[in-house]
Amino acid sequence: MSDFFLNDKCKVLKCMASRQISINGEMIIKLSQQEIADILSFTKPKVNSIIGELKDAGYLVQHSARGKYSLTAKAIEELSVIGEMEAAK
């Protein structure tokens, strides 16, 4: 697992991954940054910063300015590793 995820980035990514929906065969996360902040008890600026880092690092693709994202293969792989590590505990 990458050190990149040993903090709140992991919480945001897991929150988003668990709320994906299928639209025309594509998995989409249709949450606003405020909704993510509310779910995780973070501030909106904190979520904004984390989402920016996740996009820059290639874990998220943003499809619209108003909260429509999808996970990349890189994110799905990282979440799988995290899940395996958590299951082994």
Side-chain angles (χ1 to χ4, degrees):
M1 178 174 70
S2 166
D3 287 345
F4 187 76
F5 285 108
L6 296 177
N7 52 35
D8 291 333
K9 291 181 199 85
C10 182
K11 292 178 186 175
V12 171
L13 194 63
K14 286 168 74 175
C15 172
M16 295 176 84
S18 69
R19 288 163 175 84
Q20 295 180 93
I21 58 173
S22 179
I23 299 176
N24 296 327
E26 184 176 0
M27 296 304 287
I28 299 291
I29 303 142
K30 196 171 171 114
L31 290 174
S32 69
Q33 291 179 3
Q34 186 62 58
E35 289 169 323
I36 296 166
D38 291 345
I39 291 165
L40 297 173
S41 298
F42 291 170
T43 63
K44 184 179 175 186
K46 179 176 185 167
V47 170
N48 180 287
S49 175
I50 290 171
I51 286 177
E53 290 178 49
L54 291 171
K55 289 189 317 188
D56 290 346
Y59 291 97
L60 284 178
V61 175
Q62 186 169 1
H63 298 287
S64 75
R66 294 256 178 220
K68 198 173 185 184
Y69 306 92
S70 55
L71 301 178
T72 64
K74 183 178 179 180
I76 293 166
E77 181 179 325
E78 195 72 40
L79 285 167
S80 176
V81 170
I82 291 167
E84 289 171 10
M85 291 178 70
E86 289 174 346
K89 286 184 181 179

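- When every heavy atom of Ile36 is checked against every heavy atom of Cys15, the shortest pair comes out as CG2-SG, 4.4 Å.
- From Lys68, atom NZ reaches atom NE2 of His63 across 7.5 Å, with rounding to the nearest 0.5 Å.
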Side chain to side chain contact (heavy atoms under 4.5 Å, CB included) for Asn7 and Lys9? Distances and angles first, verdict last. CA-CA 6 Å; Asn7 52 35; Lys9 291 181 199 85; 3.3 Å; yes
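- Taken together through direct or relayed side-chain contacts under 4.5 Å among Ile, Leu, Val, Met, Phe, Trp and Tyr, Ile51 and Ile76 form part of one hydrophobic cluster.
- For Gln34, the CD atom sits in a packed shell: over 12 heavy atoms of surrounding residues, nucleotides or ligands are nearer than 6.0 Å.
- By the criterion of side-chain heavy atoms lying less than 4.5 angstrom apart, applied directly or through intervening Ile, Leu, Val, Met, Phe, Trp or Tyr residues, Leu13 is not grouped with Ile28; the two fall into different hydrophobic clusters.
- Looking at heavy atoms from C-beta onward, Leu54 lies out of side-chain contact with Tyr69 at the 4.5 angstrom threshold.
- Looking at residues two or more places apart in sequence or on another chain, you find a side chain to side chain contact (heavy atoms under 4.5 Å, CB included) between Ser49 and Glu53.
- The two atoms that bring Lys74 and Ala57 nearest to each other are NZ-O, 2.5 Å, heavy atoms only.
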Report the C-alpha separation of Val47 and Asp8 in whole Å, then their side-chain angles, then the decisive distance to 0.1 Å, and conclude whether the side chain to side chain contact (heavy atoms under 4.5 Å, CB included) test is met. CA-CA 9 Å; Val47 170; Asp8 291 333; over 6 Å; no
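- The same ILVMFWY cluster, assembled from side-chain heavy atoms under 4.5 Å apart, contains both Leu79 and Ile39.
- Summarising the geometry of Leu71 relative to Ala17, their closest heavy-atom pair is CD1-CB, 3.6 Å, with the distance given to 0.1 Å.
- Atom CD in Glu35 sits 10.5 Å away from atom NZ in Lys44 (nearest 0.5 Å).
- Remark: Glu78 CD to Lys14 NZ distance equals 12.0 Å, nearest 0.5 Å.
- Legend: residues meeting side chain to side chain contact (heavy atoms under 4.5 Å, CB included) with Glu84, ordered by chain and number and at least two apart, are Ser80.
- In this structure, Ile50 CD1 and Lys55 NZ are separated by 13.5 Å, a value rounded to the nearest 0.5 Å.
- Closest approach of Met16 and Ile29 over heavy atoms only: O-CG1, 3.4 Å.
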